[in-house]
Amino acid sequence: MEKYLAPEPIGEGELSDLWRRFKREFTQFLTAIDKNGATEQTKLAIFLRTVGPRVNDMYETMRFEEGEDRTKWSVVSGKLDNACARRTSKHVTRDRFLQLKQESKSVDQFVVELRKQVRDCDFGGLQDDLVLHVLIRGVSNERMRRRLL
């Protein structure tokens, strides 16, 4: 039997980013171990076994409305989506994005960071143009900046 590594448990750091990443990797993990068709309860059990103590504690203290089944992965996942959502205004998020600098990252790493950060900015159709704009402003190599212009 093939073995697949479960996603890393959620540790310290920005919960919204860690949750989004863990959920994506957990969904991939369920596919890899052929559990996408499993019951909601089985998916939740696998989730609780892999997510780590930080989110397990959140689950234990979660409030469920009447009719919400605390044993279903889809219900718990939705509640965690809401609980882990970034609570920062879009203006603050945009300001942080527009001030990003390359610093010690490679250009590729900087572009990846820009693409991740811009998702929360709600720029609509301007997203790609603004990624390029911040890349040009934030790249540390002057020659690279001129080539991008």
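All values reported here derive from a predicted model rather than from experimental measurement.
Partners of D69 according to the salt bridge (charged side-chain N to carboxylate O under 4.0 Å, His left out) rule, which considers only residues two or more places apart in sequence or in another chain, do not exist here. Residues passing the side chain to side chain contact (heavy atoms under 4.5 Å, CB included) test with S104, sequence neighbours excluded: none. For R24, there are no side-chain hydrogen bond (donor to acceptor under 3.5 Å, both in side chains) partners two or more places apart in sequence or in a different chain. Every residue meeting the side-chain hydrogen bond (donor to acceptor under 3.5 Å, both in side chains) condition with E68, not counting sequence neighbours, appears here in chain and number order: K79. Here E142 pairs with R145 under the side-chain hydrogen bond (donor to acceptor under 3.5 Å, both in side chains) rule; sequence neighbours left out. Annotation: side-chain hydrogen bond (donor to acceptor under 3.5 Å, both in side chains) contacts of D122 (sequence neighbours excluded): none. Considering only residues two or more places apart in sequence or on other chains, T42 meets the side chain to side chain contact (heavy atoms under 4.5 Å, CB included) condition with A38, T39, I46.
Residue pairs meeting the salt bridge (charged side-chain N to carboxylate O under 4.0 Å, His left out) criterion with at least one partner in residues 39-50, sequence neighbours excluded, do not occur; the list is empty. Counting only residues at least two apart or on different chains, no ring-ring contact (aromatic ring centres under 6.0 Å, His included) pair has a member in residues 130-149. Counting only residues at least two apart or on different chains, no side chain to side chain donor-acceptor pair (under 3.5 Å) pair has a member in residues 54-64.
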Would you sort out whether F22 and C84 count as a side chain to side chain contact (heavy atoms under 4.5 Å, CB included), showing the intermediate values? CA-CA 12 Å; F22 182 89; C84 297; over 6 Å; no

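The side-chain heavy atoms of T93 and C121, taken from C-beta on, include a pair separated by under 4.5 Å. At least one side-chain heavy atom of L80 sits under 4.5 Å from a side-chain heavy atom of M62. Between Q117 and R96, the closest side-chain pair of non-hydrogen atoms is not below 4.5 Å. Annotation: side chain of D95 is not in contact with side chain of H91 (no heavy-atom distance under 4.5 Å).
Considering CG of N82 and OG of S77, their distance stands at 9.5 Å, rounded to 0.5 Å. Rounding to the nearest 0.5 Å places CD of E113 at 13.0 Å from CG of D108.
Nearest heavy atoms, V75 versus F64: CG1-CE2, 4.0 Å. The two residues G52 and P9 come nearest to each other via the heavy atoms CA-CB, 3.8 Å. For the pair G11 and L18, the tightest heavy-atom approach, listed with the atom from each and the gap, is O-CD1, 3.6 Å.
Atom NZ of K101 sits in a crowded spot, with more than 12 heavy atoms from other residues, nucleotides or ligands closer than 6.0 Å. Other residues, nucleotides and ligands contribute only 12 or fewer heavy atoms inside 6.0 Å of the CD atom of E8.
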What side-chain donor-acceptor pairs closer than 3.5 Å can you find for residues 25-34, not counting sequence neighbours?
from	atom 1	to	atom 2	distance (Å)
E25	OE2	R21	NE	3.0
T27	OG1	K23	O	2.9
T31	OG1	T27	O	3.2
T31	OG1	N36	ND2	2.6

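Listed by chain and number, the hydrophobic cluster partners of I136 are F97, L98, L100, V107, F110, V111, L114, V118, F123, L126, L130, V131, L132, V134, L135, V139, M144, L148, L149, where partners are ILVMFWY side chains within reach of under 4.5 Å, directly or through others.
Look at R119 and D17 and you find no salt bridge, because none of the NZ, NE, NH1 or NH2 atoms lies under 4.0 Å from a carboxylate O.
With hydrogens and angles ignored, the 3.5 Å screen pairs no side-chain donor or acceptor of Q102 with any backbone N or O of G138.
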